[in-house]
Chemist: 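Mind looking over this structure? Questions follow.
This is a predicted model, so every value here is computed, not measured. If you read the sequence from its start, that first residue is 1, and numbering goes on from there.
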Amino acid sequence: MKKILKKLSAEIRQEEIPESKSFLKWLIIGSVSGIIIGLIGTLFHFCSSSGEFFRSEHQWIIFLLPVSGLAITFLYHFLSYSHDKGTNLVLLAVRDNTNMGFRHAASIFAAAVITHIFGGSSGREGASLQIGASIGSYCGRHLGFDDDDRRIMTMCCMSAMFAAVFGTPVTAALFSMEVISVGIFYYSAIVPCVVSALIASYISSFFGISHICADVIFPEISPVNYLKTILLGVLCAALSWIFCISMVYGLKTFRKIKNHYLRVFVGGSAVVLLTLLVGNQDYNGTGGEMIVSAFTERPFAAAFLIKLIFTVITLCSGFKGGEIFPVFFIGATFGSVISRFIGVDCSFGAAICMAALFCGVTNCPIASILLSVELFGGESIIYCVLACAVSYMISGYRGLYSEQKILYSKIKTRYINKRIGDKK
C-alpha cells in the first residue's frame, strides 16, 4: 500500500509541476504587466481626455484638424508605418505572431491623442489595444518567449490596456481572448489576462480616472418585454451591417486618393465642414458626454447616423483612434431614440443597444454580455443575453476587423474558418 501511495504521489507531483510553474510565471508576468500597462493606459487616458477638454474650451481649434492630419501622416511616414493595418495588426500579432514594437505603440499613442485634441471622431479602445499589443509583442520577443508564450503575452497586455482605458477588467480580459478567432477562446491566456486587467483597472481608478456610469431602469420580466428585446437585437444587427459596410466603402473611397497627405487633409476638411453644418461639437472626439446623456434623455433622432458619418470619414481618411467608443455612442443614442417607439425607458434602450451593437460589430457575444453586467449591473444580463444572441446571429459574417476569423458557422455546428475580409 505504501508503495502504491508513494508512486501515486510522485505521479501527481510530476503532473502538477508544469502547471504550477506556468501558473507562477504568468501570475508574476500578469502582475508586472498590469502595473506597467496600467500606468501607460492611465497616461493615455489622461492625455486624450485633457486634449478633449482643451478643445471644448477652445473650439476654434477644430479648424486645425486638417493640418493635424498632415502631422499624423508625416509621423507614420517617418516611422515607416504608411500602410498601417490598425487594429487588424493586433489580431495578426496574436494569431500569426506578426511583430509589433514600441515604434507602433508610440505612433498610435501620439496620433490618437492628436486626433482627439483637434476633433476627429474616434475612440480610445482600438488605440489602446494596439498600444498594449505592441508592448506585449515587443516584450515577448526580447524576453526570449516561444511563439505560444508570445501570443499569451500580447493578449495579456491587450487586456491590461483595455481595462485601464475603459475600466471594465472582466470584459477586457475576455475580449482579448475572444476577438481574435470567433468560436474559440484562448483559455491558456486566462490567468495573465485576468490578473493584468484587474491590476491595470485598479491603477487607473487609483489615479481618479472615471468611466461610463449610468443608471438603467429595467422593465419587468415578461414575454412582451422579451419580444421588445429581440426587436432591439434585430435592429442592432442591421445597424452593425450599416456601420461595417460604411467603413468598408469609406476606406475604398478615400483610397482612391493615392496621396496620403491629400487624403487626410480632405477627410479633416470634411469633418470641419460637417461640424459647422451641425452647429456644435457633440459628434467630435469620443462623445462620452452624449453617451451618458442618452440614458436620461432622448437625443436628436439622427444623432447616431451623424456620429456614424463623422467616424467613417475620420478613420477612413487616415486619422487614428478606435471604433469601439463611437460604436457605444451610436448604440446608446440609437437605443435611446428607438425606445420611444417600443414603449421602454430610454435608459433601457440605450443599455441594450449599446451592448448589442458592440456584439454585432465585433462578433464577441460573451464579452458583450459581460460588458453590460460591468456597466449596468447584474439585472441587465437577462435582456442583454437575449439581445446579444440575436445580434450575433443576424449580423452575419461582417465585422470591424477584416483580419478577424470566424471559425464556426453562426447557424450550423460546422467549422468554416472564414475571415471577415474574404470576399464571398
Chemist: Hey, could you give me the CE/CD distance between M161 and E125, rounded to the nearest 0.5 Å?
Modeler: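 One gets 10.5 Å once the value is rounded to the nearest 0.5 Å.
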
Chemist: Under a 4.5 Å cut-off applied to non-hydrogen side-chain atoms, are Y249 and V312 in contact?
Modeler: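 The answer is no; the side chains never approach within 4.5 Å.
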
Chemist: Return yes if a side-chain donor-acceptor contact under 3.5 Å exists between D148 and S188, otherwise no.
Modeler: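 No, because no side-chain N or O of D148 sits under 3.5 Å from a partner of the opposite role on S188.
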
Chemist: Ignoring hydrogens, what is the shortest heavy-atom contact between R95 and S181? Give both atom names and the distance.
Modeler: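 Between these two residues, the closest heavy atoms are CD-OG, 3.8 Å.
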
Chemist: Are I221 and Y383 close enough, and set up right, to give a side chain to side chain contact (heavy atoms under 4.5 Å, CB included), and what steps lead you there?
Modeler: CA-CA 9 Å; I221 295 175; Y383 294 107; 3.8 Å; yes

Chemist: Is the backbone N or O of F254 less than 3.5 Å from a side-chain atom of R263, with the two atoms forming a donor-acceptor pair by type?
Modeler: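 Indeed, once roles are kept as given, a pair shorter than 3.5 Å links the two residues.
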
Chemist: Establish, yes or no, whether a centroid distance under 6.0 Å links the rings of Y138 and H104.
Modeler: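 Between Y138 and H104, the centre distance exceeds or equals 6.0 Å.
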
Chemist: When you check the side-chain N and O atoms of R103 and S107, is any donor under 3.5 Å from an acceptor?
Modeler: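 Looking only at side-chain atoms, S107 and R103 do not form any donor-acceptor pair under 3.5 Å.
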
Chemist: Do T275 and Y283 touch side chain to side chain, with heavy atoms closer than 4.5 Å?
Modeler: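 SC-SC contact between T275 and Y283 ruled out.
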
Chemist: How about C244 and V248: do any of their side-chain heavy atoms sit closer than 4.5 Å?
Modeler: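 A side-chain contact under 4.5 Å is absent here.
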
Chemist: Could you check whether K307 makes a cation-pi contact with F304, meaning its NZ or CZ is under 6.0 Å from the centre of the six-membered ring and within 45° of the ring axis?
Modeler: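 No cation-pi geometry.
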
Chemist: Let me confirm one number: the OG1-CD1 distance from T286 to I291, rounded to the nearest 0.5 Å.
Modeler: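 Reported to 0.5 Å precision, the distance equals 6.5 Å.
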
Chemist: Within the 4.5 Å heavy-atom criterion, are P192 and K25 side-chain neighbours or not?
Modeler: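 They are not in contact (no side-chain heavy atoms under 4.5 Å apart), so the answer is no.
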
Chemist: For atom CD1 of I217, is the number of surrounding heavy atoms from other residues, nucleotides or ligands below 6.0 Å larger than 12?
Modeler: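 Counting other residues, nucleotides and ligands, CD1 of I217 stays at 12 neighbours or fewer.
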
Chemist: Looking at F145, I want to see if its CZ is surrounded by more than 12 non-hydrogen atoms of other residues, nucleotides or ligands under 6.0 Å.
Modeler: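 Yes, the 6.0 Å shell around CZ holds more than 12 heavy atoms from other groups.
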
Chemist: How long is the straight-line distance from CG of N284 back to OG1 of T115, given to the nearest 0.5 Å?
Modeler: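 Nearest 0.5 Å value for the OG1-CG distance: 11.5 Å.
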
Chemist: Is it the case that S240 and R398 place a side-chain donor and acceptor less than 3.5 Å from each other?
Modeler: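 No.
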
Chemist: Please report the shortest heavy-atom distance between G119 and I62, naming the atom on each side.
Modeler: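 The pair with the smallest heavy-atom distance is CA-CD1, 3.7 Å.
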
Chemist: For atom CZ of F74, decide whether the heavy atoms of other residues, nucleotides or ligands shown that lie under 6.0 angstrom number more than 12.
Modeler: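 Not more than 12 within 6.0 Å, no.
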
Chemist: Hey, could you give me the NZ/CG distance between K405 and L91, rounded to the nearest 0.5 Å?
Modeler: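 Those atoms lie 11.0 Å apart.
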
Chemist: In sequence, state the C-alpha distance, the side-chain angles, and the governing distance for I420 and Y401, and then conclude on side chain to side chain contact (heavy atoms under 4.5 Å, CB included).
Modeler: CA-CA 7 Å; I420 293 293; Y401 313 122; over 6 Å; no

Chemist: Measuring from atom CE of M177 to atom SG of C156, what distance do you get when rounded to the nearest 0.5 angstrom?
Modeler: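 Rounded to the nearest 0.5 Å, the CE-SG separation comes to 11.5 Å.
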
Chemist: Is it the case that the side chains of T42 and S204 hold a donor-acceptor pair, with the cut-off being a distance below 3.5 Å and no angle test?
Modeler: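 No, no side-chain donor-acceptor contact under 3.5 Å.
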
Chemist: Quick one: CG on L370 to OG on S372, what's the gap to the nearest 0.5 Å?
Modeler: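 One gets 7.5 Å once the value is rounded to the nearest 0.5 Å.
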
Chemist: Evaluate whether atom CZ of F46 has more than 12 neighbouring non-hydrogen atoms of other residues, nucleotides or ligands under 6.0 angstrom away.
Modeler: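 No, the 6.0 Å shell around CZ holds no more than 12 heavy atoms from other groups.
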
Chemist: Is there side-chain contact between V266 and S317, with heavy atoms separated by less than 4.5 Å?
Modeler: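 No, side chains not in contact.
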
Chemist: In the structure I gave you, are the side-chain heavy atoms of E374 and P169 within less than 4.5 Å of one another anywhere?
Modeler: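 Contact flag for E374/P169 side chains = yes.
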
Chemist: Taking the side chain as every heavy atom from C-beta outward, state whether I180 and R151 have any pair of such atoms under 4.5 Å apart.
Modeler: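 Heavy-atom side-chain distance check fails, nothing below 4.5 Å.
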
Chemist: Would you tabulate the side-chain donor-acceptor contacts of residues 387-394 under 3.5 Å, counting partners in other chains and residues two or more places apart, or write 'none'?
Modeler:
{"unit_1": "S391", "atom_1": "OG", "unit_2": "A356", "atom_2": "O", "d": "2.8"}

Chemist: List the atom pairs, with distances to 0.1 Å, where a side-chain N or O of residues 325-337 and a protein N or O form a donor-acceptor pair under 3.5 Å, not counting sequence neighbours.
Modeler:
{"unit_1": "T333", "atom_1": "OG1", "unit_2": "F329", "atom_2": "O", "d": "2.7"}
{"unit_1": "T333", "atom_1": "OG1", "unit_2": "I330", "atom_2": "O", "d": "3.2"}
{"unit_1": "S336", "atom_1": "OG", "unit_2": "A294", "atom_2": "O", "d": "2.8"}

Chemist: How close do M155 and A189 get, heavy atom to heavy atom, and via which atoms?
Modeler: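 Scanning both residues, the minimum pair turns out to be CE-CB, 3.7 Å.
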
Chemist: If only side-chain N and O atoms count, and only distance matters, is there a donor-acceptor pair under 3.5 Å linking S176 with S159?
Modeler: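 The answer is yes; a qualifying pair exists.
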
Chemist: Apply side chain to side chain contact (heavy atoms under 4.5 Å, CB included) to L375 and F166, showing your working.
Modeler: CA-CA 10 Å; L375 291 180; F166 195 59; 4.2 Å; yes

Chemist: Mind listing the closest non-hydrogen atom pair of V179 and T362 along with its distance?
Modeler: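 Heavy atoms only, the tightest pair is CG2-O, 4.4 Å.
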
Chemist: Side chains of S48 and H116: do they bring a donor and an acceptor to under 3.5 Å?
Modeler: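 Yes - a donor-acceptor pair under 3.5 Å links their side chains.
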
Chemist: Side chain to side chain contact (heavy atoms under 4.5 Å, CB included) for V361 and E323? Distances and angles first, verdict last.
Modeler: CA-CA 10 Å; V361 299; E323 307 89 347; over 6 Å; no

Chemist: Has D146 got more than 12 heavy atoms of other residues, nucleotides or ligands less than 6.0 Å from its CG?
Modeler: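 Enclosed: over 12 neighbouring heavy atoms sit under 6.0 Å from CG of D146.
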
Chemist: What are the two closest heavy atoms between Y76 and A111, and how far apart are they?
Modeler: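 Scanning both residues completely, I find the closest heavy atoms to be CE1-CB, 3.7 Å.
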
Chemist: Measure the acute angle between the ring planes of F185 and Y187, then classify it against the limits of 30° and 60° as parallel, tilted or perpendicular.
Modeler: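 Because their plane-to-plane angle lies in the 30° to 60° range, the rings of F185 and Y187 count as tilted.
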
Chemist: If you take all heavy atoms of V165 and R124, which pair is closest and at what distance?
Modeler: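 Nearest pair, atom of V165 first, then R124: CG1-CB, 3.6 Å.
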
Chemist: Given side chains that start at C-beta, do those of F63 and F118 come closer than 4.5 Å, heavy atoms only?
Modeler: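 No, their side chains stay 4.5 Å or more apart.
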
Chemist: Determine, for F348 and K228, whether the Lys NZ or Arg CZ falls below 6.0 Å from the six-membered ring centre while staying within 45 degrees of the axis.
Modeler: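 No, K228 does not lie over the aromatic ring of F348.
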
